[in-house]
Protein chains: 2
Amino acid sequence: MATIKDVAKLAGVSISTVSLTLNQHPNVSPETRKKVWKAARELQYQPNGIAKDLKSVRTKTVGLVLSDLSGPFYSELIRGIQEVTTANGYDLVAMSAIGGSGSPARYIREKRTDGMIILAHDIDSHLISQAGREKFPIMVLDRKLESDHVFSVTVDNRKGAYEAGEHLIRSGYRKIAYLAGPNDSTDNAERFAGFKEAMESHGLEVTPKWYIQGGFTKQGGYRAVKLLAAQHILPEAFFAGNDEMAMGAMEALTELGIRVPADVAVVGFDDIELAAYMRPPLTTVRQPMFDMGYTAATLLFRLLDGDRSVRSVVLDTELIVRESCGSK
Amino acid sequence: MATIKDVAKLAGVSISTVSLTLNQHPNVSPETRKKVWKAARELQYQPNGIAKDLKSVRTKTVGLVLSDLSGPFYSELIRGIQEVTTANGYDLVAMSAIGGSGSPARYIREKRTDGMIILAHDIDSHLISQAGREKFPIMVLDRKLESDHVFSVTVDNRKGAYEAGEHLIRSGYRKIAYLAGPNDSTDNAERFAGFKEAMESHGLEVTPKWYIQGGFTKQGGYRAVKLLAAQHILPEAFFAGNDEMAMGAMEALTELGIRVPADVAVVGFDDIELAAYMRPPLTTVRQPMFDMGYTAATLLFRLLDGDRSVRSVVLDTELIVRESCGSK
DNA sequence: TTGTACGCGTTATCAG
DNA sequence: CTGATAACGCGTACAA
């Protein structure tokens with residue numbers, strides 16, 4: 001790999017002249033300019049980005065940490081973020097927090113980017129809080145967190161879940177099971193709280209036997225239903241903490257010959273793209289993923305600009321009634 | 001941000017002592033060791049990854065360039081890659097080639113990673129070829145490309161398209177339109193070639209009026225069908241260059257009151273997750289995305305190890321017959 | 001066992 | 001207009 005030094009030598013000028021030329025600085029004579037370009041081309045010179053970053057402190061990059069890069073519903077989120085980052089002339093690099101979250105944690109600590117957007121519950125809040133600095137703002141999307149340089153963009157999970165729960169209740173269902181996400185997930189906690197609230201405000205009770213762990217995965221939802229079916233206790237409806245579990249649940253139900261929504265209703269949470277294509281189409285709570293991404297990125301840049309008025313944001317969800325809840 | 005210097009000062013030792021200690025070097029007295037750790041903790045010292053990379057040349061990171069990070073069918077691919085990278089103790093960072101591909105191109109040229117996996121037709125082959133070096137191997141997944149340090153993992157598009165085309169023909173369809181992807185896409189070219197071959201080997205002709213541009217997007221497929229319908233020329237079947245276009249096409253067809261497959265059959269290519277959930281479920285050609293990712297990453301690491309026996313790989317597709325082609 | 005000094009590839013400052 | 005030279009933060013011979 002040719003360095004700036006090689007170019008300087010070949011062109012017969014000094015390193016600084018090369019740098020000036022290549023960076024479009026005006027104070028370079030046309031002749032030298034030509035010599036330098038020629039040498040650079042011959043050597044196929046490409047500036048070393050790492051060295052550049054080391055010097056300039058700014059990497060012109062924002063990082064995005066996802067708990068699993070291959071997740072289904074990040075598309076819109078990423079689009080929202082990207083819209084803003086490219087508009088600001090920044091790059092976006094994404095990495096996943098898979099496998100003990102070792103690597104992104106390192107990335108965060110080592111600050112290879114100018115800022116971070118995090119949506120990965122397996123990254124420690126403590127780590128995040130102390131990683132945020134004046135020149136390294138962080139936006140979190142999966143929990144509420146706020147310190148000097150860390151803010152959150154979240155969704156009103158509680159309210160969303162309340163609405164969905166109430167819709168189910170109003171439709172006549174009373175024995176409703178909750179398919180839960182991981183216990184360390186704030187999203188899950190809030191959604192459950194909202195659901196519970198809806199139940200209680202209608203004089204209904206949420207019994208522990210109907211709080212079933214599904215780990216936010218399709219498999220988990222599938223297993224949960226099979227487990228219940230094996231015990232011959234099935235609720236009238238399932239409230240899934242996310243769409244993936246709802247999908248798994250519906251699959252299991254179908255296999256068991258139980259019709260949705262005729263026999264059992266199902267609602268989900270997230271409104272992933274697939275939701276509209278399930279059979280029957282899934283009633284769910286829509287998270288404005290694009291808006292979240294857009295908002296998070298916008299705030300991040302304001303933070304980068306030293307704007308002290310930035311505050312955390314909570315966005316609203318929207319209940320999307322389709323067919324799986326039997327009320328349409 | 002505290003630097004190694006600050007730690008040295010606070011601990012009352014030299015910079016190198018700090019470095020030695022923190023890097024687990026044995027030759028440091030227990031006392032000094034303690035002093036250093038204490039100072040480091042107090043200052044919340046974190047080594048600057050950028051500086052480290054500059055020195056050590058290895059970044060322990062592989063980059064993944066996608067034409068659009070938010071694309072639908074990358075999940076499996078990423079899982080396959082990640083499996084291998086984490087096993088090798090490497091990080092994976094992904095970036096998209098959106099917006100003129102300026103940024104990833106920069107990333108590639110500037111070599112901020114130890115290697116690259118590219119699936120983005122908007123990145124110039126020429127750029128890729130000359131970026132690959134001894135210590136910077138590149139794997140491309142969306143075209144055939146092979147030079148000293150660049151290899152490809154592709155799928156037998158031609159064969160896959162041939163099979164799907166033949167299946168359609170065997171099912172009795174004769175007037176078949178091809179929904180095309182971008183003209184600069186090798187995938188598209190090969191798929192079309194395979195389709196054409198199937199047609200011709202059955203004495204059928206492919207007329208230009210039935211090669212319709214859909215740009216590999218859902219919207220494009222939708223528009224293509226509407227356009228044809230407006231001219232009152234509809235084929236008996238659509239062969240879509242990818243599933244997204246097939247999805248758009250089916251949507252348009254449905255809107256027009258045309259039944260799939262009763263009135264018009266549709267087949268796609270890729271087998272994205274959604275394919276099985278469309279109505280009717282889409283007959284398509286499955287690309288082994290996980291395997292592609294896994295293979296690409298594996299070869300990349302072999303290249304990184306200096307293995308000279310690495311060659312490009314072509315994987316097989318599989319025809320997935322569902323209902324949209326009317327033969328089930 | 002510890003410290004000094006240099007290099008990694010750039011950019012920026014400041015003379016000349 | 002051009003060229004030394006000093007940083008950036010770290011690792012590491014080599015010397016002490």
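The figures that follow rest on heavy atoms only: side chains count, while hydrogens, waters and symmetry mates do not. Residue numbers begin at 1 in each chain, while the letters A, B, ... track the order of the sequences.
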- [ ] Pick base, sugar-phosphate or nothing for A:I15, based on heavy-atom distances below 4.0 Å to the nucleic acid.
- [x] base
Open item on the list: So A:V314 and A:K144, do their side chains get closer than 4.5 Å, heavy atoms only?
Closed with: yes
Open item on the list: Expressed as a whole number of angstroms, how long is the span from B:K9:NZ to C:dT4:P?
Closed with: 14 Å
Open item on the list: Any salt bridge linking B:R79 with B:E76? Criterion: basic side-chain nitrogen under 4.0 Å from a carboxylate oxygen.
Closed with: yes
Task: A:K55 (side chain) and C:dA12 (base): donor-acceptor pair under 3.5 Å - done: no
Open item on the list: Quick check on side-chain hydrogen bond (donor to acceptor under 3.5 Å, both in side chains): which of A:T61, A:T85, A:T59, A:D114 does A:Y90 satisfy it with?
Closed with: A:D114
Open item on the list: Do A:I118 and A:I138 make a side-chain contact, defined as non-hydrogen atoms from C-beta onward lying under 4.5 Å apart?
Closed with: yes
- [ ] State whether A:K5 places a side-chain N or O below 4.0 Å from either non-bridging phosphate oxygen (OP1 or OP2) of C:dC8.
- [x] yes
Open item on the list: Over all strands shown, is A:S16 touching base, sugar-phosphate only, or nothing at heavy-atom distances under 4.0 angstrom?
Closed with: base
- [ ] Identify which nucleotide among D:dA4, D:dG11, C:dT10 has an atom closest to any side-chain atom of A:P47, counting heavy atoms from C-beta outward.
- [x] C:dT10
- [ ] May I have the distance from B:D6 (atom CG) to D:dC8 (atom P), rounded to whole angstrom?
- [x] 11 Å
Open item on the list: OP1 or OP2 of C:dT11 versus the side-chain N and O atoms of A:S19: is any pair under 4.0 Å?
Closed with: yes
Open item on the list: On DNA chain C, does the nearest nucleotide to B:G12 precede the nearest nucleotide to B:L54 from the 5' side, or the other way round? Give the residue.
Closed with: B:G12
- [ ] Counting heavy atoms from C-beta on, name the nucleotide in D:dG3, C:dG3, D:dG9 closest to the side chain of B:S14.
- [x] C:dG3
Task: Considering all heavy atoms, the nearest A:A120-A:R143 contact - done: O-NH2, 2.9 Å
- [ ] Indicate whether any N or O donor in one side chain lies under 3.5 Å from an N or O acceptor in the other, for A:S152 and A:S312.
- [x] yes
Open item on the list: Without decimals, in angstroms, what is the distance between B:I50 CD1 and C:dT11 P?
Closed with: 14 Å
TODO: Take the protein atom CD1 of A:I4 and the nucleotide atom P of C:dG9, then report the distance between them rounded to whole Å.
DONE: 11 Å
- [ ] May I have the distance from B:L20 (atom CG) to D:dC14 (atom P), rounded to whole angstrom?
- [x] 15 Å
Open item on the list: Does C:dG3 have its OP1 or OP2 closer than 4.0 Å to a side-chain nitrogen or oxygen of B:T17?
Closed with: yes
- [ ] Could you tell me the separation between the NZ atom of A:K52 and the C1' atom of D:dA7, rounded to a whole number of Å?
- [x] 18 Å
Task: Length of the line joining A:L22:CG and C:dG9:C1', which is rounded to integer Å - done: 13 Å
TODO: Compare side-chain N and O positions of B:N23 against OP1 and OP2 of D:dG11 and report whether any pair is under 4.0 Å apart.
DONE: yes
- [ ] Could you list by number each residue of residues 25-33 of chain B showing a heavy-atom separation from DNA chain C of less than 4.0 Å, or answer none if no residue does?
- [x] B:N27, B:V28, B:S29, B:T32
Open item on the list: Using only atom types and a distance under 3.5 Å, with no angle test, would you say the side chain of A:N188 pairs donor to acceptor with the backbone of A:G181?
Closed with: yes
Open item on the list: Nearest whole Å is fine: how far is D:dG9 P from B:D53 CG?
Closed with: 15 Å
Open item on the list: Just so I know, are the side chains of A:H121 and A:D187 near enough to count as touching, which here means a heavy-atom distance under 4.5 Å?
Closed with: no
